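Structure record follows, encoded as structure tokens.
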Amino acid sequence: GPHVFQRQSPIAVRPYHSRDRTDPGNFRCGPTADHARLTPMPGTFRFLDDIAMADMAFEAEGDSLASLFDAATQALLQSLADPATVAQTWQQVVDMEEPDIDTLLFEWLNRLVYLKDAQAVVFHHATLTVQAAPGQSAWHLHAELVGAPVDQATQDLRSDIKGVTKHLYAVTQTGNSWKARVVLDV
């Protein structure tokens with residue numbers, strides 16, 4: 001059946017991974033800036049193991065854009081490594097602007113995969129804000145990434161994701177609720 005993750009505060013997520021069905025328990029993933037939270041309810045995500053075409057896929061949900069991006073980011077970070085095992089010795093600020101929300105989320109998730117490869121790091125947490133340009137002519141993301149260089153001796157590394165694919169990728173809005181389906185190329 002579906003595996004649903006509800007995040008409480010402080011941030012706690014129950015991860016699920018298609019190749020590792022043991023439960024590593026709850027862990028904190030770092031602070032979320034107050035201004036990033038448009039509404040008090042956190043986003044949720046669940047990994048999808050019933051999409052046959054993909055090695056890994058997940059669905060993220062939130063009742064705001066901030067919580068949607070937060071949940072999708074958390075799912076990707078946990079796909080790469082258990083954040084609880086990652087130190088906080090590396091950090092980088094990322095600013096991105098795209099014409100629409102779909103493209104912004106897609107390019108942001110792929111940027112995380114690129115940084116993982118280019119700098120040989122995994123992530124402890126990300127703090128992000130998403131804002132519309134005037135007239136919603138563009139969307140801007142500001143993120144502060146924290147993590148550490150890859151270290152197999154101390155980190156619980158999971159999947160070496162190659163990227164996010166366009167296959168079955170979708171971002172949908174129903175009222176105030178946002179949902180994203182993301183397929184990862186593993």
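The shown structure was predicted, so the numbers you read here are calculated from the model rather than taken from an experiment.
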Is it the case that the side chain of Lys116 and the backbone of Ile161 share a donor-acceptor pair, with hydrogens and angles ignored and the cut-off at 3.5 Å?
yes
Taking Met96's backbone N and O only, do any of them form a donor-acceptor pair with His140's side chain (distance below 3.5 Å, no angle check)?
yes
Who pairs with Tyr169 by side chain to side chain contact (heavy atoms under 4.5 Å, CB included), at least two apart in sequence or on another chain?
Asp102, Leu105, Phe106, Val171, Val182
Judged by modelled atom types alone, do Gln119 and Trp90 share a side-chain donor-acceptor pair under 3.5 Å?
yes
For a side chain to side chain contact (heavy atoms under 4.5 Å, CB included) with Leu184, tell me which candidate from Thr165, Leu80, Leu76, Val113 qualifies.
Leu76
Might you point out which heavy atoms bring Phe123 and Leu77 nearest each other, and give the distance in Å?
CB-CG, 3.6 Å
Could you check whether Asp70 and Thr73, counting side-chain N and O atoms only, form a donor-acceptor pair closer than 3.5 Å?
no
Looking at Glu107 and Thr103, would you say the former's side chain and the latter's main chain have a donor-acceptor pair under 3.5 Å?
no
Would the distance check show the side chain of Gln74 and the main-chain N or O of Gly43 forming a donor-acceptor pair, the cut-off being under 3.5 Å?
no
List the steps, then state whether side chain to side chain donor-acceptor pair (under 3.5 Å) holds for Glu144 with Gln92.
CA-CA 6 Å; Glu144 295 170 21; Gln92 182 155 328; over 6 Å; no
Run the side chain to side chain donor-acceptor pair (under 3.5 Å) test on Ser177 and Thr174 for me, step by step, so that the C-alpha distance in whole Å, both residues' side-chain angles and the decisive distance to 0.1 Å come before the verdict.
CA-CA 5 Å; Ser177 176; Thr174 309; 5.9 Å; no
Has Arg181 got a side-chain atom pairing as donor or acceptor with Phe58's backbone, closer than 3.5 angstrom?
no
Whether Lys179 side chain and Thr172 backbone form a donor-acceptor pair below 3.5 Å:
no
Quick check against the 3.5 Å criterion: does Asp82 have a side-chain atom that pairs as donor or acceptor with the backbone of Asp156?
no
